[in-house]
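All remarks here apply to the structure that follows.
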Amino acid sequence: MNILADILTSVGMWEAVLRIATPLILGTLGVLLCERVGVLNLGIEGIMTFGAMLGWLAVYNGADLWTGMIVAALGGAAFGLLHALLTVPLGLSQHVTGLGITLFASSFSYYVFRLAVPTASSPPTIEPFRPLEIPVLSDIPFLGPVIFNQTAPTYLALVLVVAIAWGLNRTPLGLAIRMAGENPHAVDAQGIDPIWLRIGTIMAGSALMGLAGAFLTLAAFNSFFPTMVQGRGWICVALVVFASWKPARALLGALLFAFFDAFQLRLQTVVEGVPYQLFLMLPYLLSIVALIVMARRARVPQALMRPYRRGER
Amino acid sequence: MTRVLDLSNITKRFGHVTANEDVSLHLEKGEIVALLGENGAGKTTLMSILFGHYTADEGEVRVNGTPLPPGKSRAAIRAGVGMVHQHFALAPNLTVLENVMTGTESLWSLRSNRSAGRAKLVALSEKFGLKVDPDARVSDLSVGECQRVEILKALYNDARILILDEPTAVLTAQEAESLFATLRQMTADGLSLIFISHKLHEVMSASDRVVVLRRGSVVAERATGETSKEELAELMVGRKVERPKRPPATPGKVLLEGLDLTLSGKGGASLHGVSFRLRAGETLGIIGVSGNGQTTLAGLVSGLYPPDAGTLLIDGRAVTTHDVPHAIAAGIGRIPEDRNAEGTIGDMTTWENTVLERIWSPEFSSRGMVRRAAARAATDQIIDRYDVRGASADGRIRLLSGGNMQKLILGRVLEAGPDILVAAQPSRGLDEGAIAGVHERLLEARGRGAGVLLISEDLDEVIGLSDRIRAIVNGRLSPAIPADRANAQLLGLMMAGDWSAAAEIEAETQMPEHKKAETEDAL
């Protein structure tokens, strides 16, 4: 089993894990925020596509990369607002609205993309984020290049895990958000309007989804194509359950999935005689197994998917 | 005395319905005012206006002389008004401390000061004797503890005026007693309280002043010391209400017999070697503090679960298949303990709820199709005969008030003409007028020869309806005493597990011809 050992000890493999995990981390944090406040957001797949397109488009038109990221986040927040308005004050079905947002945002992204580049046959590329070597730390053997030679958005994602974990667990706002996901009546009884709290949190979560999409175009693939999100959004929805709605565990889940993905990519190149589609299935299969093991004890936010109407129980 | 709260000329309409009309109410410092009224009299609406959940159409709320801006709970909290909701406003997955602290700090600060919060909570909890663990998850707490958290939440917000919406609705008698003792202690500390209730005895024992609300208007105000239960009942209902009197029994053959029934853990507490007999035309009252096995006993008799050991005999034949359809076919009618969770399906129509239990009978279905016309006709008949107000065959049943829902359930059960009726907490949460109606129906069923197994924790109800009474304690049944020998003190002893007096009474009241049967009964 030399091949396996070679793969598992290569710097390239582990460095890829963190890179592949980045959009999953951002997206999972986004879904987690929405669900913690009590709203399912299945718009993620479309919002990621939109963020990927918008970020790319800004940079393609001469904006710098960070402006591209910010634009993508704002675009995500805008779709978040739409989702929030439909599901919170109007109390519409969160499944249906989310899927609608996904379909709409995906098609809209491609439409805008085609308006911007009507003729190009192969997708135009941009100059992406480059790996940022952190001085001193990146000299640590093995771990240095794996962790401290990533692009800036990856570092951002890692910082956000800590920030959101702190925010949810240690700040008054985070407590109110969690409470709104457990029992919005209780939030109302304490004088905070759960409607606004939910709208704001959904927008913040959707902004993170936009960032997750922008990572794909601005740090991973250098260009936009309409099918590039490829189910990553759905994976994020599953990862939140896997993570039992906890940010640190969301990081763990994203890394685990990314590990399977990086691993199968390398297996494809060295194992012969097996159709590569089999390897493509591997991460999803293992994710389902992991979900079965981890999610059985999960503590679901009690008010998840229950619209809040004053005076109704 | 200083006046801390003033509601003047409050009017609130929902569409065509006027929930409150020109209601004025005031509260002095250190006073306990009971807001008494039947379900639907507008008590909760009035308090929701005070707390800023609703905006009044007319009128004004003043706290310490300053008007409150309408529709803002935050302003009410700041002014020192705290509300303890009937349906607890708590998040089950969060800890007690988290529940209490939500919304008490600026939302934009980067760090929540938990240690200060904990210190304040512990101090309050000690001061008022409201014992609770700050780090316990609310889902692990009992109902009584949840209520303590609700009260602590209000106190933590520095409430000086506390409003409690039907605080004893979910409490056991002992819990309610200790709650009122705590409330008394709070007034000594300068807090002022309003509690909403429809229970006369607690209004009489716990308040200084009573304000009676009927159909949205204040109909009377009395100093508690200068009024009586009877007067208040009449004011609240608007007419003289008397619970029906029990005519003498003519017990017939044994319809239902339990022999040494044992069942562990199902649906609550266990049963240990329970034996009893229920005759035609008599009511056997089972009294007990909830959680002592009565729910399990009712479930077992209604066919929800089979016993682990022992035998259940219906009409002298041992039951072999313990499931609900067989129980119904054997003539058992059930009034479930929780009418919302088990008795009805809220979002289905009244007619569907009426016939669901008997949907396979040829009366309501043929060749796999529901006979809607017959079902609707049967429903209309029940609505008419049992005076179910506000119901239509095609309306959703959740829109009915508790009392009317219970009337429909009674109608559904009694129209099927059961030989045995299992009535679990039949009047829980109902107001005086509705209780009288339910009692009348139960006596009627007994009068036409049915055996009624009445399970209740209400002393008056058990004494008023039963022929014989047994207490259930930790899954065991006490000796049976005849109702005319029962009084609150004796039943209290029996519920506490002291059965010596009951055993003596049972021995001395056994009729010679029943001697053998009754001795078995006591085993």
Side-chain angles (χ1 to χ4, degrees), chain A residues 32 35-38 159 162-201 204 240-241 243-246 297-313, chain B residues 12 14 19 44-45 48-49 51-55 71-79 81-95 97-114 117 137-139 146 149-150 153-154 156-157 163 165 340 346 398:
Chain A
L32 187 144
E35 293 195 4
R36 256 342 229 321
V37 86
V159 170
V162 179
I164 288 175
W166 175 276
L168 278 177
N169 293 315
R170 294 299 167 93
T171 69
L173 179 62
L175 179 57
I177 288 173
R178 285 187 288 141
M179 182 77 111
E182 296 290 340
N183 183 358
H185 295 278
V187 181
D188 206 2
Q190 291 287 71
I192 300 169
D193 189 341
I195 301 285
W196 286 109
L197 193 62
R198 282 188 163 175
I199 292 176
T201 310
V240 170
V241 182
S244 198
W245 290 268
K246 293 187 172 72
R297 284 179 301 122
R299 229 183 262 278
V300 189
Q302 292 291 297
L304 181 58
M305 289 191 282
R306 284 221 297 267
Y308 174 69
R309 289 187 192 90
R310 215 172 230 199
E312 195 179 81
R313 299 229 146 237
Chain B
K12 174 75 185 169
F14 296 104
T44 301
T45 308
S48 299
I49 289 168
F51 196 64
H53 278 329
Y54 295 139
T55 312
K72 294 214 166 63
S73 321
R74 188 104 212 117
I77 293 172
R78 284 226 183 88
V81 180
M83 181 132 174
V84 176
H85 295 81
Q86 183 185 0
H87 306 277
F88 303 138
L90 297 172
N93 275 345
L94 303 186
T95 67
L97 183 62
E98 286 175 327
N99 268 284
V100 169
M101 285 186 74
T102 300
T104 57
E105 298 170 289
S106 159
L107 280 185
W108 306 111
S109 75
L110 289 175
R111 186 155 208 235
S112 174
N113 193 346
R114 292 225 191 158
R137 232 170 249 285
V138 167
S139 54
C146 285
V149 178
E150 276 280 280
K153 223 163 76 171
Y156 189 95
N157 279 320
I163 297 150
D165 191 358
N340 293 304
R398 74 177 314 148

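Convention: sequence-line order gives letters A, B, ...; per-chain numbering from 1.
- The minimum heavy-atom distance linking B/Leu90 with A/Ala186 is given by the pair N-CB, 4.0 Å.
- Ranked by non-hydrogen atom pairs under 4.5 Å with chain A, the options B/Met101, B/Arg111, B/Arg78 are led by B/Arg111.
- A side chain to side chain contact (heavy atoms under 4.5 Å, CB included) with B/Glu98 holds for exactly one of A/Glu182, A/Met179, A/Arg178; it is A/Arg178.
- Applying the side chain to side chain donor-acceptor pair (under 3.5 Å) definition to pairs two or more places apart or across chains, those involving residues 186-198 of chain A are A/Asp188-A/Tyr308, A/Asp188-A/Arg310, A/Gln190-B/Asn157.
- With hydrogens and angles disregarded, no donor-acceptor distance shorter than 3.5 Å links the side chain of A/Asn183 to the backbone of B/Ala89.
- Of the two parts of B/Val84, neither the backbone nor the side chain holds a non-hydrogen atom closer than 4.5 Å to a non-hydrogen atom of chain A.
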Contacts under 3.5 angstrom, residues 163-170 of chain A side chains, donor-acceptor by atom type, not counting sequence neighbours:
residue  : atom : partner  : partner atom : Å
A/Trp166 : NE1  : B/Leu110 : O            : 3.0
A/Asn169 : ND2  : A/Ala165 : O            : 3.1

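- Ranked by heavy-atom pairs shorter than 4.5 Å toward chain A, the options B/Glu150, B/Glu105, B/Arg137 are led by B/Arg137.
- Residue contact with chain A, scored on non-hydrogen atoms closer than 4.5 Å, is absent for B/Ser48.
- Contact count against chain B (heavy-atom pairs under 4.5 Å) is highest for A/Ala189 among A/Ala303, A/Gly181, A/Ala189.
- Heavy-atom minimum distance, B/Thr102 versus A/Ala176: CG2-CA, 4.0 Å.
- We find the CD1-CD1 distance between B/Ile77 and A/Ile192 to be 8.5 Å, quoted to the nearest 0.5 Å.
- In terms of modelled atom types and a separation under 3.5 Å, the side chain of B/Asn93 and the main chain of A/Pro301 share no donor-acceptor contact.
- Chain B forms more heavy-atom pairs under 4.5 Å with one residue of A/Gly191, A/Pro184, A/Ala180, A/Gly174 than with any other, namely A/Gly191.
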